[in-house]
Each structure stands twice: as C-alpha cells, then as structure tokens.
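Report on one structure; see the data block that follows.
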2 protein chains.
Amino acid sequence: MTPETIAAELRRELQAGILRPGADLSQVQLAERFGVSRIPIRDALRILAGEGLVAIEVNRGARAISLTPGEVREIYDLRILLECDCLRRAVPAISPANLREIERVRLKSDLDAGGPGWAEGDWAFHRAIYQLAVRPRQLAMIEALRRTCLLFVSAYSSMPAKKPRWLDDHRMILQQLRRGDAEHAVLALQRHLEGAARHLLQRMTGSRSKS
Amino acid sequence: MTPETIAAELRRELQAGILRPGADLSQVQLAERFGVSRIPIRDALRILAGEGLVAIEVNRGARAISLTPGEVREIYDLRILLECDCLRRAVPAISPANLREIERVRLKSDLDAGGPGWAEGDWAFHRAIYQLAVRPRQLAMIEALRRTCLLFVSAYSSMPAKKPRWLDDHRMILQQLRRGDAEHAVLALQRHLEGAARHLLQRMTGSRSKS
DNA sequence: AGCGCCCAACATGTATACAGGTATACACCA
DNA sequence: TGGTGTATACCTGTATACATGTTGGGCGCT
C-alpha cells in the first residue's frame, strides 16, 4: 500500500463517480480504510492535489474538487486547444501501420462502449493518435484535463446516452486521417469535444442540486 | 515554517538558479536547514513535484528537474500555444484603462530589467494582459510552464544579454493592442517567445557541461 | 427566544522513533 | 587488474505520539 497505489485507487473512485465532487477526504478515515497510518495518506492526497483532482486547505483537510460551469467551459476550451494541436502535429507522422493500429483500438473501444470501461476505451483511441505527435508533456496535460472532466462526467452520469454519436465522431476522425486531411480531422475532433462540452454543461446547469 | 513557506523558498531558489537542475534535495539536509522535521519537508517537496519543478523517485528522494533540449522545445511550443490563445481572448476585453495599466506595468518592468527582479517584471507585463481574458486555469498552466523554463534560464544565466530586444518586443505587443489588432499582437508575442526559446536552446546545446 | 461565548471532541500538522531500501566502499575471487 | 559480492552507513518510508487548529453543541446572557 504505497502512496502511489492509494492515489491510484482514489483516482479510480473519483473518476468512477464513487467519490462525488466536493466530497470530504478525511485522513483518518482513509488511513483506517487502507490499513496504514496517515502519512502515506497525506502523500497520496498531495499527489492527487498535484493532478488537480483534490483541493487541500491547510488545517481543513482535502476534498474532491468541485467545478463551476465556467471552469468546465474553460477546461474544455483548453482541451480543444491542446488536443487539436496534438492531432495536427500527429498527422504528418501517421503511417499505414499506425492507421491499422488506430482502427484496432477504435474497434476495441466500440465493444467497451456503454460498459464501465467506456472511458478507458475512448481515451485509448485518442491517445493512439496523439502519441504519434511525440509530445509527452502535452499528452500528460491533456490527460490531466481529461481526468478532471471525467470527474464530472461520472458524477452526472450523462455520457452513455450520447455514446453512438461519439463512436461516429471517432469513425469520422479516422476517415480524415486515412485521407491525410489534417484540417478536416482537426475540425472533426473540435466538433467531437465541443459536443461533449455542451452535453456536460447542459447536464450540470440542468440539475443544479450539486455544483 | 509551513510546507507552503518552505516550498515557496525552494521555488525561489530553483528559479534563481541557486539550486541547479538535477540537484539532489535531501530531506534531512532541508529539515536541518529549515529547523523542522522531515514531514513538512516531504509535503513541500510534494507541492513542488505537483508543480513539476522537482521529480520524486520512491526510496531515492527528490531532485530538481532536468530537461533535455527536446523537452524545452516542447514546453516553449506549449507556451506559444497557450499564451497566444490567451492573448487573442484578452484583446476584445481591453479597455483604455487597461491599456494605461499595462503601460504602467511595462514601464516598471523596464526599470527592473537587468536586475535580479527582471523575471518578475517580465511576467507582470504578460500577466497584466493575459488576466483580461479571465482564464484562471489557463493562466495557472502558463505560469507553471513559465516557471519550468525559468529554472533553466537562470541556470544558464543567458537572458540579461537579450534584454533590450525583449523590451522592444513588449513595446511592439502593446502598440498592436492599442490599435486593437489581435492577430498582429499574437504574431508579435509568438516571435517574442520563439526568440526566447531559440536563445535558451542555443545556450543549452552550446554548453553541454550541465544538462 | 435569539444571540454569543466557551468548551470539548475531533481532525489536521508535526516531531520522534523505527523499519526498509539504496548506494558506496572494501574485500575477495577470477 | 577488473569484476562481483557483501557489509555498512545513509537516506527515505512509515508508525506512533503529541501539539495545534477547527468545528459543533451546550450553556448563559440579553
């Protein structure tokens, strides 16, 4: 039970919506639960704070972050900026073998769609493309933003409904990549992300109970 | 001596080049130096790790990050992407009063130029513009990337020489803002950052002694 | 009855002590 | 002489104990 292990478990629960936005993360409770002292728990919370998933207030403990609609909008704008740039840089590096690999990942994510692992499959598809740009820091930043969004996607359990449309978006992006048309691929990706942003924001502003 | 205070001091020393890239940050040494136990030191190091300024390896302690030229190139590309976007979003929100304030900050940074506070003055100018876009997370990301660069700028103490040209760049950007010409302002900013990137990379690849 | 203060219970922050891992230096062997 | 194994010293990781700060409730006052 290292801090990294604990952080990974908490991250999973945050992303799965088990720990809701704003939830208190008591050191003593977590220490009992994981069967360790509070020290590794503190380390784990610091790790998550560094990733932006929890907020630590001095003498007042940690809690899962809670975002306003405005912050969600900003995060999706940042994702559009960073992901489109990453895609644009990836296009020239794509080989036929890469295309086959991306198609393979896409098919696999089709199968996961609707299930609890849909988010991993979706990310696997995007990552398969992005990593061809060879921008490790940019990829890490995208992943961090993505995780932050996922916190709220799960909390509002809004995504399964829109699944088919997303899978179509993926098909469309891949099609443009096959044609080597970077700008149309970027446009397709932008629409893909913009759609997700609008959908989540609608859900958030619709049910005001938690924000 | 809270973890935040300690982290701030270490951050200052990292940015000032007192702690060189790759330098070992021993918990016991820091604990003695700050007159506290290792626990708050660990917290401080975790904070800095979250900001990407130090790297923590399990059972092997923390050290100041060390970047390859390729990573520096990527970071500057990210800065160009994020800062230009921020500037573009800020332009429509600029009022005459804002322009006067930016000019005031610019003049102040002129005076600091060459001294040890030049980095703060430079950042104050950029921030005065960026904050008008009202993108707190984006601004935080830019600041984090900027800090990472600064680590190496200080380590290679390469910037004072180029100072006058940068001040001209600032003048040029402000001039375009006065004309309300977003695209030319963005171009000027892009050239400004690109120049800084090239200059730092030249110094890094030139003196291979430390990397 | 409403408001404010005080105290007690609890949570977090920090120090000390101990356990476990890593690295270096030295001795031994090929 | 070079390489390897081991032992030792140092450093980090964790648990326990104590200090400090926060919060909620009860009591007294207005």
Side-chain angles (χ1 to χ4, degrees), chain A residues 1-14 18-67 148 151 155 209-211, chain B residues 1-14 18-68 148 151 209-211:
Chain A
M1 270 299 165
T2 71
E4 286 74 20
T5 315
I6 295 167
E9 171 59 18
L10 291 175
R11 194 183 299 120
R12 194 190 64 75
E13 293 180 13
L14 285 163
I18 299 170
L19 293 169
R20 289 301 180 102
D24 269 16
L25 299 171
S26 155
Q27 293 179 10
V28 285
Q29 278 181 18
L30 293 173
E32 283 177 19
R33 204 188 117 193
F34 287 101
V36 293
S37 82
R38 282 165 42 221
I39 305 286
I41 300 293
R42 285 172 65 82
D43 282 357
L45 291 174
R46 290 274 187 204
I47 290 171
L48 295 174
E51 295 172 6
L53 294 177
V54 311
I56 295 178
E57 284 171 290
V58 178
N59 280 325
R60 292 181 62 182
R63 60 184 54 205
I65 53 156
S66 187
L67 300 178
T148 307
L151 232 87
S209 57
K210 55 257 179 174
S211 75
Chain B
M1 273 300 164
T2 69
E4 286 74 20
T5 315
I6 295 167
E9 171 59 17
L10 291 175
R11 195 183 297 120
R12 194 189 65 74
E13 292 179 13
L14 286 164
I18 300 170
L19 294 170
R20 289 301 180 99
D24 269 17
L25 299 171
S26 154
Q27 292 180 9
V28 285
Q29 278 181 17
L30 293 172
E32 282 177 20
R33 203 188 118 193
F34 287 102
V36 294
S37 82
R38 281 164 44 222
I39 304 288
I41 299 294
R42 286 172 63 83
D43 281 357
L45 291 174
R46 289 275 188 203
I47 290 171
L48 295 174
E51 295 172 6
L53 294 178
V54 311
I56 295 177
E57 286 170 287
V58 177
N59 279 327
R60 291 182 60 182
R63 59 183 54 206
I65 53 156
S66 187
L67 300 178
T68 63
T148 307
L151 232 87
S209 57
K210 55 257 185 179
S211 75

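Note on naming: letters A, B, ... go to the chains in the order of the sequence lines (proteins, then strands), and numbering restarts at 1 for each one.
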Residue A:Asn59, side-chain atoms from C-beta onward, closest of C:dA15, D:dG13, D:dT22: D:dT22

Rounded interatomic separation in angstrom, taking CG from A:Leu30 and P from D:dA15: 14 Å

Gap between atoms CD1 and C1', on B:Ile39 and D:dT20 respectively (whole Å): 16 Å

Value in whole Å for how far the C1' atom of D:dA15 lies from CZ of A:Phe34: 18 Å

B:Ile47 side chain near B:Glu51 side chain, heavy-atom distance below 4.5 Å: yes

Non-hydrogen atoms of B:Ala44 and B:Pro3 that approach each other most closely: CB-O, 3.6 Å

Whole-Å distance separating the CD1 atom of A:Ile6 from the C1' atom of D:dG13: 12 Å

B:Gln27 backbone acceptor or donor facing B:Arg42 side chain under 3.5 Å: no

Point-to-point distance, once rounded to the nearest 0.5 Å, from CG of A:Leu48 to CZ of B:Arg46: 10.5 Å

Side-chain N or O of B:Arg42 closer than 4.0 Å to phosphate OP1/OP2 of D:dG13: yes

Phosphate-side-chain proximity, A:Gln29 and C:dA11, N/O vs OP1/OP2 below 4.0 Å: no

Spacing of B:Gln27 atom CD relative to C:dG21 atom P, expressed in whole Å: 16 Å

Spacing between A:Asp24 atom CG and D:dT23 atom C1', to the nearest angstrom: 12 Å

Least distance between heavy atoms, B:Ser66 atom then B:Gly22 atom: CB-N, 4.2 Å

Nearest-neighbour nucleotide for the A:Ser37 side chain, C:dA15, D:dT16, C:dT12 considered: D:dT16

Rounded interatomic separation in angstrom, taking CD1 from A:Ile56 and C1' from C:dG13: 12 Å

Contact nearer the 5' end of DNA chain D, comparing A:Arg38 with A:Thr2: A:Thr2

Side chain of B:Pro3 - closest among C:dA15, C:dT14, D:dT12: C:dT14

Interatomic distance, A:Glu57 CD vs C:dA11 P [rounded to whole Å]: 17 Å

B:Arg60 side-chain N/O to C:dA23 phosphate OP1/OP2 under 4.0 Å: yes

